[in-house]
There are 2 protein chains.
Amino acid sequence: MASVTSAKPPAVEDIAAQLTEAVLEHRLQPGAKLREDEVGEIFGVSRTLVRQALRAMAYEGLLTIEKNRGAFVAKPTLKEAREVFQARALLEPTTARAAAERTTDADIALLEQHIEEEHAALHRDEAGRALKLSGDFHLEIARIADQHTIEQFLRQLVARSSLVIALYWRRRNALCESNAHHALVDALRGGDGDSAEELMKGHLMDIFSQLDLRDRDEGTTSLKDALKR
Amino acid sequence: MASVTSAKPPAVEDIAAQLTEAVLEHRLQPGAKLREDEVGEIFGVSRTLVRQALRAMAYEGLLTIEKNRGAFVAKPTLKEAREVFQARALLEPTTARAAAERTTDADIALLEQHIEEEHAALHRDEAGRALKLSGDFHLEIARIADQHTIEQFLRQLVARSSLVIALYWRRRNALCESNAHHALVDALRGGDGDSAEELMKGHLMDIFSQLDLRDRDEGTTSLKDALKR
DNA sequence: CCACAGTGGATCGTATACAATTTGCGCTCA
DNA sequence: TGAGCGCAAATTGTATACGATCCACTGTGG
């Protein structure tokens, strides 16, 4: 878990941000438990603030809070995994189109820097970090489109996508998609809304198709039930 | 504000639910302040639970929490108002189409009952209550479509729509849309996805066009900026 | 040897106490 | 008279204390 480098007073958002980063980078695996005392001790705050942070993350769908049991990194079911990408498929292509109409040179530079960092992270064998940066790329497009509401929804969906990938990713070999991001930047630079929309649609389908979402034995869905017969 | 009719121990969800209902029914106007002590006294709980409820509502976009100042019923800006309906336009038509494929007789009965209640509320001159029921109708469709993730997003959007309507509704005369809901039910009953999608799209455009979203002096949107020139 | 009830420790849920911040009022002084 | 300073009341932010719940362990009885 991330160390506390700040001088004195970490706020709720800091706690949530660091924990979120750890989840998105797969340093905290789905199912991992986050005890309030433990987290509080790490950040040097009382449980009050920790609870706020954990609840905020639960609202984002990153954690599951079970009454009297504690907070756990969420484990999306197959159905939830499909829903996440179905929702993204509804929101992102149109948003990419809108972004194409408004992209500035500064935006392009920022996006390219993003891709660069992602590439560098991969080179350093930091797959988790690369994945997070890849997600941020998608959020950046929503920001360019100046659609704050959709951006907030996408924040949740991208985060939950990270959990889905942690659970259902097929191959272990790295990414295959930095091309897709490059192509998107080209479309945005050219102000080509049609292409941007189509590229985004295809990109999402690509990711989705690389997940293993066949029905399977649902993990820890009760050994008891499995043996009941 | 709603009285506490329950016997003994109101939980966080109860508090949030009652407050939310009050906002959706316009018994609490945008800008209204919710003091923690006051709310706590009404519900007979400590500020701890009230704070949880208020934060939950803030995540839904119903309240704005200003640090050290308190919680206020949100006042969506023009931009936010537009964004809410743009997001709904992306999510709801496709969801209505999906719902048409899965609608059962029980669903139809429930939807019709909904319309009936809405009508009755209007007859009793409870415009706020009718508005809330109208929102629930839209959520019900997402539920029928079995899209839990989208339903959650829509819950936020519908709730915020209620605030938008409180602020930007043009005419004071009642509703004009119970027809639209009837037509949707017909399409769903017939399993006609195409119609359902089109009807929903038109319905949203209708509502949107009845809002007064011309640029205007944005209330408290920073006197400072307004005087800067 | 296994099943099961009792018990203790760990952990979360809620209330309360205290600290920090804001805000409005009144006082002073030019 | 009016502007500015400062204090006090009100309100929120954070920490801590206490109670409730869950869970694993242990010991006993069959």
Side-chain angles (χ1 to χ4, degrees), chain A residues 1 4 6-19 23 28-29 31-60 62-75 219-225 227-228, chain B residues 1 4 6-19 23 28 31-60 62-75 219-220 222-224 227:
Chain A
M1 191 165 306
V4 187
S6 64
K8 297 273 185 54
V12 172
E13 309 94 50
D14 301 324
I15 303 169
Q18 286 207 35
L19 289 177
V23 173
L28 281 170
Q29 295 284 323
K33 176 164 186 177
L34 282 74
R35 280 196 305 112
E36 297 175 351
D37 266 337
E38 187 180 351
V39 176
E41 201 161 318
I42 291 171
F43 286 92
V45 297
S46 79
R47 281 174 51 218
T48 308
L49 299 190
V50 174
R51 285 173 69 80
Q52 275 187 53
L54 295 180
R55 279 183 182 282
M57 292 174 70
Y59 283 114
E60 300 277 311
L62 276 145
L63 301 183
T64 305
I65 293 181
E66 296 178 33
K67 183 158 173 134
N68 278 316
R69 299 226 34 250
F72 304 83
V73 178
K75 296 169 68 169
T220 50
T221 311
S222 85
L223 180 60
K224 191 180 297 178
D225 283 355
L227 301 178
K228 187 163 287 180
Chain B
M1 189 164 308
V4 187
S6 63
K8 299 273 183 57
V12 172
E13 308 95 50
D14 302 324
I15 303 169
Q18 286 207 36
L19 290 177
V23 173
L28 281 170
K33 175 162 186 176
L34 282 74
R35 281 196 306 112
E36 297 176 351
D37 265 336
E38 187 180 350
V39 176
E41 201 162 317
I42 291 171
F43 286 92
V45 296
S46 78
R47 282 174 51 216
T48 308
L49 300 190
V50 175
R51 284 172 71 81
Q52 276 187 53
L54 295 180
R55 279 184 183 278
M57 291 174 69
Y59 282 114
E60 300 276 311
L62 275 144
L63 301 183
T64 305
I65 294 180
E66 297 179 31
K67 182 159 174 145
N68 278 315
R69 300 230 28 252
F72 305 83
V73 178
K75 296 169 65 169
T220 50
S222 87
L223 181 59
K224 189 180 300 178
L227 300 178

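Order of the sequence lines sets the chain letters (A, B, ...), proteins ahead of strands, with each chain counted from 1. These figures come from a predicted structure and were not determined experimentally.
- Rounding to the nearest 0.5 Å gives a distance of 10.0 Å between OG1 of A:Thr64 and NZ of A:Lys75.
- The side chain to side chain contact (heavy atoms under 4.5 Å, CB included) check on B:Ala56 picks up A:Tyr59, with sequence neighbours excluded.
- Nearest heavy-atom pair across A:Ala53 and A:Ile15 is CB-CG2, 3.8 Å.
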Can you build the contact string for nucleotides 11-19 of chain C? Use B for base contact, S for sugar-phosphate-only contact, and - for no protein heavy atom under 4.0 Å. SBBBBB---
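- The shortest heavy-atom contact between A:Leu63 and A:Val73 is CD2-CA, 3.7 Å.
- The salt bridge (charged side-chain N to carboxylate O under 4.0 Å, His left out) contacts involving residues 39-50 of chain B comprise B:Glu36-B:Arg47, where partners must be two or more places apart or lie in separate chains.
- Scanning DNA chain D 5' to 3' for nucleotides with an atom closer than 4.0 angstrom to a non-hydrogen atom of chain A gives a first and last hit of D:dT14 to D:dC23.
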Steps toward side-chain contact (heavy atoms from CB on, under 4.5 Å) verdict (A:Arg55, B:Arg55): CA-CA 9 Å; A:Arg55 279 183 182 282; B:Arg55 279 184 183 278; over 6 Å; no
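- Relative to the axis of its first five pairs, the axis of the last five pairs of the helix from C:dC1-D:dG30 to C:dA30-D:dT1 sits at 0°, rounded to 10 degrees.
- Of all heavy-atom pairs between A:Leu49 and A:Pro10, the closest is CD1-O, 4.2 Å.
- Taking each heavy atom of A:Leu19 and A:Leu28 in turn, the nearest pair found is O-CD1, 4.4 Å.
- Under the ring pair (Phe, Tyr, Trp, His ring centres under 6.0 Å) criterion, B:Phe72 pairs with no residue at all, not counting sequence neighbours.
- Proximity of a side-chain donor or acceptor of B:Lys33 to a complementary backbone N or O of B:Arg69 within less than 3.5 Å is detected.
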